[in-house]
Amino acid sequence: MLGALNAEHAELQRVPLMTRLRAAKRRAALVIALADIAGIWSLDAVTGALSALADTALSAALRHLLTQAAAAGQIALAHPDAPETECGVIILGMGKLGAHELNYSSDIDLIILFEPGQDPLSRPRQRAGADARFARDLVKLLEERTAEGYVFRTDLRLRPDPRLDARPPSRSPRPRAITAASARTGSGAAMIKARPVAGDLAAGRAFLAALRPFLWRKHLDFAAIRDIHSIKRQIDARHGGSPTDIAGHNVKLGHGGIREIEFFAQTQQLIWGGRLPALRSPATIDTLYGLVEAGRIERNVADDLAEAYGLLRQVEHRLQMIDDSQTHSLPTEPEALRRLAVFLGYADEASFAHALTTALTTVQRHFRELFRDAPALSDEGNLVFTGKESDPETLATLKHLGFKDPVRVDDTIRGWHHGRIRATRSAGRASC
């Protein structure tokens, strides 16, 4: 009974904070949108402000949970007046949040770490359960929809391979737990953009510094290059075709879209960043021009991609301003397309379609040129076992080769690739 009353009291204490965070999000988003639409702020200023808003909301939620736990006698804070300092909790922002590139309706991708020996949440035997509850409470403060709306949708699933274990979405900060294979492909490559956004920021920076040798390698072997090409082929398999009709086109995942520009920059970072520290910026545009300075791409390529990126992100933002919709796809109805074109400052749908199609075609051309010499994945067809999801062409190839259950075969081989079986892990991982 006492436990239930304490839980109810804690819930009541959270309501005012949830209300304030949601009100602050609405006001900040309105100001940012007005500055965006009026052309007062650049794309960097808009995405930077949205990212700073997420950082602030995360810190406020974390401080509340830590202070609440301390008041209940559950933990002892090292610095009661500054709860996050040496608190033993590290929150890493990944993807667009880590790179200061959030859009209006982005999920915020997070990894929550608990510092060994400093985790304030519980005794060792109870720590796993306490950590998981803490992560759920943090997500609830930000994500739960109330009468005032929500703050940010939150995703804790981004890991090198979520199926490696059944632990909660929080882990001890041990850099060796991320192998070279996972660091160079799939979601492991997202560590390029990782940034401490809340909690013990100093410990977070130290963790990422310790991780650096695993991510930025001076020499990539053939398997690493092949993996990069494989990811590119997976993008092709899911989003084939050329951008001929903008109606319904996905400006993020479709051909010529935002994802291709990001992947263009990120793959070159993985290849050259180990030898050229100037290429380790998490920001997409900075990386493109860093590649120019390093002599890896021509300036006109960076200019083309940067211009297209600006337009595509602007389209993405306008789409998401409409009813706070988490979408990247253009409308299919002519009148809705016309309204979007006017919202973007074009005279009509035709002028918007011309500008967008030009940008998509340009991105697609540079993207294909980058991988012009990519080797065939297999003499028999696609055999791609990287990534978190099955490649449709790989499943078709396995079926053609005579396998009765291609899904099971694909899952097994991807398990080997990701080291789910101890014998297939690297020496560094096995020693963790």
Side-chain angles (χ1 to χ4, degrees), residues 21 48-71 74-102 108-124 127-128 130-132 134-135 137-139 141-142 152 154 156 158-160 167-178 183 188 190-216 273 277-278 280-283 286 428 432:
L21 286 175
L50 289 167
S51 302
L53 175 62
D55 291 0
T56 302
L58 280 163
S59 285
L62 178 60
R63 286 195 301 270
H64 173 81
L65 292 176
L66 291 171
T67 303
Q68 188 181 68
Q74 297 170 349
I75 64 173
L77 293 173
H79 302 273
D81 294 334
E84 290 180 272
T85 303
E86 298 181 23
C87 66
V89 182
I90 302 167
I91 301 180
L92 299 180
M94 311 296 289
K96 284 186 167 59
L97 175 58
H100 298 282
E101 294 177 341
L102 276 190
I108 53 174
D109 295 315
L110 306 175
I111 291 180
I112 303 178
L113 308 173
F114 296 91
E115 184 74 13
Q118 295 185 30
D119 183 351
L121 298 178
S122 65
R123 293 183 296 275
R127 182 169 294 139
D131 288 352
F134 187 89
D137 288 344
L138 181 71
V139 168
L141 285 171
L142 299 174
F152 286 99
T154 305
L156 301 177
L158 187 57
R159 304 188 230 173
R167 287 177 292 176
S170 54
R171 55 177 60 193
S172 296
R174 295 181 298 169
R176 291 175 69 87
I178 298 182
M191 296 304 295
I192 288 175
K193 298 181 182 292
R195 174 174 64 89
V197 294
D200 191 334
L201 300 182
R205 288 189 289 267
F207 168 74
L208 292 178
L211 181 64
R212 195 171 296 133
F214 295 85
L215 182 61
W216 301 112
R280 298 176 186 177
S281 169
D286 288 349
C432 293

To the closest 0.5 Å, what do you measure between [atom1] ([X]) and [atom2] ([Y])?
| X | Y | atom1 | atom2 | value |
| --- | --- | --- | --- | --- |
| Asp286 | His100 | CG | NE2 | 10.5 Å |
| Leu110 | Leu58 | CG | CG | 5.5 Å |
| Leu138 | Leu156 | CG | CG | 7.5 Å |
| Met191 | Leu211 | CE | CG | 5.0 Å |
| Ile112 | Leu92 | CD1 | CG | 9.5 Å |
| Asp81 | Thr67 | CG | OG1 | 10.0 Å |

Could you report the tightest heavy-atom contact between [X] and [Y], atom names first, then the distance?
| X | Y | result |
| --- | --- | --- |
| Ala78 | Thr85 | CB-O, 4.3 Å |
| Leu142 | Leu21 | CD2-CD1, 4.3 Å |
| Ala198 | Ser59 | CB-OG, 3.7 Å |
| Met94 | Ala194 | SD-CB, 3.7 Å |
| Cys87 | Pro83 | CB-O, 3.2 Å |
| Pro196 | Gly204 | CG-C, 3.6 Å |

Only counting residues at least two apart or in another chain, list the ones meeting salt bridge (Lys or Arg N to Asp or Glu O under 4.0 Å) with Arg280.
->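 Partners of Arg280 under the salt bridge (Lys or Arg N to Asp or Glu O under 4.0 Å) test: none.
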Set of residues satisfying side chain to side chain contact (heavy atoms under 4.5 Å, CB included) with respect to Ala54, sequence neighbours excluded =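 If we apply the side chain to side chain contact (heavy atoms under 4.5 Å, CB included) test to Ala54, skipping adjacent residues, the hits are Leu97, Leu102, Ile108, Phe152.
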Taking the side chain as every heavy atom from C-beta outward, state whether Asp109 and Lys96 have any pair of such atoms under 4.5 Å apart.
->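 Counting from C-beta outward, Asp109 and Lys96 never come under 4.5 Å.
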Can you pull the salt bridge (charged side-chain N to carboxylate O under 4.0 Å, His left out) pairs that have at least one residue in residues 55-68, sequence neighbours excluded?
->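 Found Asp55-Arg195, Arg63-Glu84.
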